[in-house]
Asks: 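There's a structure below that I have some questions on.
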Amino acid sequence: MSELEDSAKAHPTIFFIFGGTGDLTSRKLIPALFNLFLDGWMPEHMAIVAMGRTNFTDEKFREELLKDINQFSRRGKADQAQWDKFSKHVYFQVSDINQSSTYVEQAERIQKFTAEAGTAPNVIYYLAVAPRFFGAITENLAKHKLAIDAERTRIVIEKPFGHDLQSAKELNKQLCSIFSERQIYRIDHYLGKETVQNILAFRFANSIFEPVWNRNNIEHIQISVTEQLGMGNRGGYYDEAGAMRDMIQNHILQLLCLIAMEPPVSFKADEVRNRKVDVLNSIRKFTPEDIKKNTVRGQYSKGWIEGKEVPGYREENGVNPESNTETFAAIKFFVDNWRWHGVPFYLRTGKRMHQSSSVITIQFKDVPHLIFPSEAVESWQQNRLIISIQPEMSVRLQVQAKRPGLEMTLNPVDMLFDYNGTYTGDTPEAYETLLLDTMIGDQTLFMRGDQVEAAWELLMPILNTWAGKKSLSFPNYSADSWGPETAEALIAQDGFHWFTLPLKNTKK
Ligand code: BG6
């Protein structure tokens, strides 16, 4: 969040959540809004209206939410008095998105709320529904003149933002025919994570990193986002998406942008987003030869995770038993600009991997000349800056140091900034940051339309090639492994290996 506008912080807000009975609402959105309320961020005048077809009364809906809060809020079980204070602002509107009456009722609610608050409120439409409903909702909002206040009306869109470049363009076009860009908040929840926001702070609030942050000093960069989880109940969605669409097109490319971007002129939303889109536009386009050499896809077979047998991908619920969808992808990118020319960026992500961890490793070049005898440097390691996003939240700088003793023996040690050791208390969830930003009108941590399209454009050649050529080796990694061997080879052929951080607790 940047540029906190104090006046806007407390500005009356009415939130409409389409998809009010879905998992996202109960597990993420309501717990986040409740936590914002507990931390004093919610305006005094607020209304949260969940929309859905279930025949809930306000009371019944609040009861259901309380169960979910108790289970999913980072604070655990809710304090009853606080919940009562918060939940009286929560309503359920029994509604069908295709019916005019839904929008007439919304207009009435806004009118009533405006009269009570004594001012025109922020009106936020949160689309926590499948993309196929976006068209009907936005057209109806336009038809009922519910989107005309460009200053106060906002729409929040969840991923996936399109299925490919063409559908993303169509969606952008459709949204932009009703809303202006500054009203559109395309969520990528990774950008709301504390550790991800801290990449900007680390890079641009310290003077020591910028002079070494380039091709002269950095040898290569790795971004690894691995998960132990399988499909759960998401097989149907995932089988249409795969790792590229689910993780790389959005979360992982956003991480790459934060690492590779030039310093923005200020922390204003468009300054930051301009620099990020520059990165996407500088990434080398993939030729058929590059796709062969620099990309790897994988799919998991069954195996054992923490003592429990887990099914292979093709046996998961909702997944085609002959599916060709990738559950793992590794790619080597190059960013063709002055800063990064020749520095490889290795990205990998996968489901049912050995560990759940998201780690960015920046490996620096070796010293130009080694003055120590060979017996002193047996465990030599080039300097690394390791940004651990989750589950450990830390930044560590690996340097060589002399081991205490009478001999000169060097070994790598960590200079560590660990959130747990440095700060007390819980860190806010990504959705808390992002929902507050929608209320105060700060788009810095949201995806602009051109960013989304640039990311799709970059990946389309790979997606098309993979779709056009069935993998004959699937499944090619077993659950609880680090992915297919070819992913090891992708990085090993350049003389490197995937870095993993030993984790104290790898459970998610
Ligand atoms: C979601 C993906 O966007 O991010 C999921 O659809 C993935 O497949 C999830 O598991 C990972 O998010 P986090 O915050 O758990 O790292």
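Note that the structure is a prediction, hence the values are computed from the model and not measured.
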Asks: Is the distance between the ring centroids of F286 and F333 less than 6.0 Å?
Replies: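 Ring centroids of F286 and F333 are less than 6.0 Å from each other.
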Asks: Is it the case that more than 12 heavy atoms not belonging to K77 sit under 6.0 Å from its NZ atom?
Replies: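 12 or below, so no.
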Asks: Specify the closest pair of heavy atoms between N70 and A78, including all atoms of both residues, with the distance to one decimal.
Replies: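 In terms of heavy atoms, the two residues are closest at OD1-N, 2.8 Å.
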Asks: Yes or no on side-chain contact (heavy atoms from CB on, under 4.5 Å) for V319 and Y238, after CA distance, side-chain angles and deciding distance?
Replies: CA-CA 8 Å; V319 171; Y238 195 90; over 6 Å; no
Asks: Got a donor-acceptor contact below 3.5 angstrom from the S73 side chain to the I69 backbone?
Replies: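 No, because the side chain of S73 does not come within donor-acceptor range (under 3.5 Å) of the backbone of I69.
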Asks: Measure from the side-chain N and O atoms of K402 to the backbone N and O of G405, and report whether any donor-acceptor pair falls under 3.5 Å.
Replies: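 Present.
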Asks: Return the CG to CZ distance between L258 and F204, rounded to the nearest 0.5 Å.
Replies: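 With rounding to 0.5 Å, CG (L258) is 8.5 Å from CZ (F204).
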Asks: Just wondering, more than 12 heavy atoms not from E375 lying within 6.0 Å of its CD?
Replies: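 Yes, CD of E375 has more than 12 neighbouring heavy atoms, counting only those of other groups under 6.0 Å.
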Asks: Would a 4.5 Å heavy-atom cut-off, applied to side chains only, mark V225 and Y190 as touching?
Replies: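 Touching, per the 4.5 Å side-chain cut-off.
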Asks: Is the CD atom of Q382 crowded by more than 12 outside heavy atoms at less than 6.0 Å?
Replies: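 For Q382, atom CD is crowded (more than 12 foreign heavy atoms under 6.0 Å).
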Asks: E262 and salt bridge (charged side-chain N to carboxylate O under 4.0 Å, His left out): which partner among K276, R339, R275, R203?
Replies: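 Answer to the salt bridge (charged side-chain N to carboxylate O under 4.0 Å, His left out) test with E262 among K276, R339, R275, R203: R339.
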Asks: Does any part of the side chain of T226, heavy atoms only, come nearer than 4.5 Å to the side chain of W498, both counted from C-beta?
Replies: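 No; the side chains remain at least 4.5 Å from each other.
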Asks: So which atom in L416 and which in S394 form the shortest heavy-atom distance, rounded to 0.1 Å?
Replies: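 Taking every non-hydrogen atom into account, CD1-CB, 3.9 Å.
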Asks: Parallel, tilted or perpendicular: which fits the ring planes of H220 and F496, with parallel below 30° and perpendicular above 60°?
Replies: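 Plane angle under 30°, so parallel.
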Asks: Just verifying a value: how many Å separate T195 OG1 and I389 CD1, rounded to the nearest 0.5 Å?
Replies: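 Answer for the OG1-CD1 pair, T195 versus I389, is 5.5 Å.
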Asks: Does a side-chain heavy-atom distance below 4.5 Å link V413 with V399?
Replies: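 In contact.
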Asks: Do you know the tightest heavy-atom contact between W456 and G162?
Replies: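 Result for this residue pair: CZ2-O, 3.1 Å.
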Asks: Calculate, to the nearest 0.5 Å, the distance between atoms CD1 and CD belonging to I362 and Q222 respectively.
Replies: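 CD of Q222 is found 10.5 Å from CD1 of I362.
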Asks: NZ of K365: more than 12 outside heavy atoms within 6.0 angstrom?
Replies: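 Atom NZ in K365 is crowded, with more than 12 foreign heavy atoms closer than 6.0 Å.
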Asks: Ring centroids only, cut at 6.0 angstrom: are F417 and Y419 within range, meaning strictly under it?
Replies: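 Distance test on ring centres: under 6.0 Å, yes.
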Asks: For the backbone of A201 and the side chain of N198, can you confirm whether one donor and one acceptor N or O come within less than 3.5 Å of each other?
Replies: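 Judged by distance alone, no pair lies under 3.5 Å.
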Asks: Mind running side-chain contact (heavy atoms from CB on, under 4.5 Å) on W304 and D480 for me, showing each step along the way?
Replies: CA-CA 6 Å; W304 292 79; D480 198 33; 5.9 Å; no
Asks: With a 4.5 Å cut-off on side-chain heavy atoms, are M261 and L200 touching?
Replies: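 In short, these two side chains touch, coming nearer than 4.5 Å.
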Asks: For D39 and R74, which heavy atoms make the closest approach, and how far apart are they?
Replies: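 In terms of heavy atoms, the two residues are closest at OD2-NH2, 3.3 Å.
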Asks: Could you give the distance from CD1 (I259) to CG (L385), rounded to the nearest 0.5 Å?
Replies: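 Going from CD1 on I259 over to CG on L385, the span is 8.0 Å.
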Asks: Quick check against the 3.5 Å criterion: does T25 have a side-chain atom that pairs as donor or acceptor with the backbone of G19?
Replies: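 Confirmed, T25 side chain pairs with G19 backbone.
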Asks: side-chain contact (heavy atoms from CB on, under 4.5 Å), that's the test. Do F15 and L29 meet it? Break it down for me.
Replies: CA-CA 11 Å; F15 254 99; L29 304 183; over 6 Å; no
Asks: Among V196, D188, L347, L191, which residue satisfies the side chain to side chain contact (heavy atoms under 4.5 Å, CB included) criterion with L255?
Replies: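 For L255, the side chain to side chain contact (heavy atoms under 4.5 Å, CB included) check succeeds only for V196.
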Asks: CD of E240: more than 12 outside heavy atoms within 6.0 angstrom?
Replies: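 Counting other residues, nucleotides and ligands, CD of E240 stays at 12 neighbours or fewer.
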Asks: Minimum heavy-atom separation for V343 and E219, please, with both atom names.
Replies: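 It is CG1-O, 3.8 Å.
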Asks: What is the minimum heavy-atom distance between F134 and V129, and which atoms define it?
Replies: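 Where F134 meets V129 most closely, the heavy atoms are CE2-O, 3.4 Å.
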Asks: Using a cut-off of 6.0 Å, state whether more than 12 heavy atoms not belonging to E322 lie near its atom CD.
Replies: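 For E322, atom CD is not crowded (no more than 12 foreign heavy atoms under 6.0 Å).
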Asks: When you look at NZ of K332, are more than 12 heavy atoms from neighbouring residues, nucleotides or ligands closer to it than 6.0 Å?
Replies: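 Result for NZ/K332: enclosed.
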Asks: Go through it in stages, so that I can follow the logic: the residues are Y237 and D246, the test is side-chain hydrogen bond (donor to acceptor under 3.5 Å, both in side chains), and I'd like the CA-CA distance, side-chain angles, deciding distance and then a yes or no.
Replies: CA-CA 10 Å; Y237 148 77; D246 188 51; 2.5 Å; yes
Asks: Does D239 form a side-chain hydrogen bond (donor to acceptor under 3.5 Å, both in side chains) with Y313? I'd like the steps, not just the answer.
Replies: CA-CA 9 Å; D239 210 30; Y313 177 68; 2.5 Å; yes
Asks: In this structure, is the centre-to-centre distance between the rings of F209 and F202 below 6.0 Å?
Replies: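 Yes, the ring centres sit under 6.0 Å apart.
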Asks: Charged N to carboxylate O under 4.0 angstrom, R448 versus D270?
Replies: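 Yes, charged N to carboxylate O under 4.0 Å.
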Asks: Is a side-chain donor or acceptor of N476 paired with a backbone partner of Q299 at a separation under 3.5 angstrom?
Replies: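 Side chain of N476 to backbone of Q299, a donor-acceptor pair under 3.5 Å: yes, one is there.
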Asks: Charged N to carboxylate O under 4.0 angstrom, D290 versus R284?
Replies: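 Answer for the salt bridge query: no.
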Asks: Is the count of non-hydrogen atoms from other residues, nucleotides or ligands lying under 6.0 Å from K308 atom NZ greater than 12?
Replies: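 Atom NZ in K308 is not crowded, with 12 or fewer foreign heavy atoms closer than 6.0 Å.
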Asks: Considering only heavy atoms from C-beta outward, does the side chain of W482 approach that of Q355 to under 4.5 Å?
Replies: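 Result yes, sub-4.5 Å side-chain heavy-atom pair found.
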Asks: T327 vs Y477, test: side-chain hydrogen bond (donor to acceptor under 3.5 Å, both in side chains). Steps then yes/no.
Replies: CA-CA 10 Å; T327 59; Y477 70 99; 2.9 Å; yes
Asks: Please tell me whether N172 and E453 have a donor and an acceptor in their side chains that are separated by less than 3.5 angstrom.
Replies: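 Note: N172 and E453 side chains meet the donor-acceptor criterion.
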Asks: So, the side chain of D336 versus the backbone of I283: is there a donor-acceptor pair under 3.5 Å, distance only?
Replies: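 Such a contact is absent between D336 side chain and I283 backbone.
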Asks: So, do V377 and Q400 sit near enough that their side-chain heavy atoms are less than 4.5 Å apart?
Replies: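 No, their side chains stay 4.5 Å or more apart.
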Asks: Applying the salt bridge (charged side-chain N to carboxylate O under 4.0 Å, His left out) criterion to K351, which one of E326, E227, E316 satisfies it?
Replies: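 The single option meeting the salt bridge (charged side-chain N to carboxylate O under 4.0 Å, His left out) with K351 is E227.
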Asks: Quick one: pull up CZ in R154 and CD in Q443 and give me the separation to the nearest 0.5 Å.
Replies: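 Rounded to the nearest 0.5 Å, the CZ-CD separation comes to 8.5 Å.
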Asks: Report yes or no: does R297 contribute a side-chain atom to a donor-acceptor pair with the main-chain N or O of W466 at less than 3.5 Å?
Replies: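 Yes, the answer is positive, given that a donor and an acceptor are paired below the 3.5 Å cut-off.
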Asks: Look only at the side chain of E271 and the backbone of K268, and say whether a donor-acceptor pair between them is shorter than 3.5 Å.
Replies: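 Judged by distance alone, no pair lies under 3.5 Å.
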Asks: Under a 3.5 Å distance rule, please check whether Y185 uses its side chain to pair with a backbone N or O of L445 as donor and acceptor.
Replies: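 Checking the backbone N and O of L445 against the side chain of Y185, no donor-acceptor pair under 3.5 Å is found.
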Asks: For the pair R186 and E181, find out whether any cationic side-chain nitrogen is under 4.0 Å from an anionic carboxylate oxygen.
Replies: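 Looking at E181 together with R186, the answer is yes, because their closest N to O distance falls below 4.0 Å.
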Asks: Evaluate the side-chain contact (heavy atoms from CB on, under 4.5 Å) criterion for residues I440 and W41: first the C-alpha distance (whole Å), next the side-chain angles of each, then the deciding distance (0.1 Å), finally the verdict.
Replies: CA-CA 10 Å; I440 63 173; W41 290 101; over 6 Å; no
Asks: With a 4.5 Å heavy-atom cut-off, do L463 and Q249 have their side chains touching?
Replies: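 Sidechains of Q249 and L463: no contact.
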Asks: Has the side chain of Q197 got a donor or acceptor atom that lies under 3.5 Å from a matching backbone atom of G192?
Replies: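 Answer holds: yes.
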Asks: Do V359 and T500 come within less than 4.5 Å of each other through their side chains, counting heavy atoms only?
Replies: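 Result no, sub-4.5 Å side-chain heavy-atom pair not found.
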Asks: I need the I252 CD1 to M244 CE distance, nearest 0.5 Å.
Replies: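 Those atoms lie 10.0 Å apart.
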